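The first residue of the sequence shown is numbered 1, and numbering continues consecutively from there. Fair warning: this is a prediction, and the values are worked out from it, not measured in the lab.
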Amino acid sequence: MTHHREFDAGPPDEYVEAEIQRLLAEDPAVAEQGITVVRRERAIVLNGEVESPHRREEILRRVSERFPDVPITSDIGVIRTHAPTEIEQLP
């Protein structure tokens, strides 16, 4: 008799949430303390801010590679770490 777990049978559990949080904090390529992991219905939402769009993409890529069966949603913003070179015109 074989047992297998259906990943799409329900929402991600606390284990997945904790594993993703650990990956974000401990993976040397990520080492991102400012990202929080939130379970929301059938997906995991990553919240926080990083210093560049490239950094955000790298974090999403690493999490998706490690947890290919878990739907990941990004709510990660980008912090501007340097002054703009020109003044932004707001509408």
Residue that, paired with Glu58, satisfies salt bridge (Lys or Arg N to Asp or Glu O under 4.0 Å) out of Arg56, Arg55, Arg61: Arg61
Same apolar cluster: Ile59 and Phe67, side chain cutoff 4.5 Å: yes
Shared hydrophobic cluster for Leu60 and Ile20 (ILVMFWY, side-chain gaps under 4.5 Å): yes
Heavy-atom check, side chain of Ile35 versus side chain of Val50, under 4.5 Å: yes
Could you give the distance from [atom1] ([X]) to [atom2] ([Y]), rounded to the nearest 0.5 Å?
X	Y	atom1	atom2	value
Glu65	Leu23	CD	CG	10.0 Å
Thr36	Ile76	OG1	CD1	9.0 Å
Ile72	Arg66	CD1	CZ	11.5 Å
Leu46	Ser74	CG	OG	6.5 Å

Test applied, side-chain contact (heavy atoms from CB on, under 4.5 Å); reference residue, Ile44; option that passes from Val63, Val38, Thr73, Val70: Val70
Gln21 side chain vs Val37 backbone, donor-acceptor pair below 3.5 Å: yes
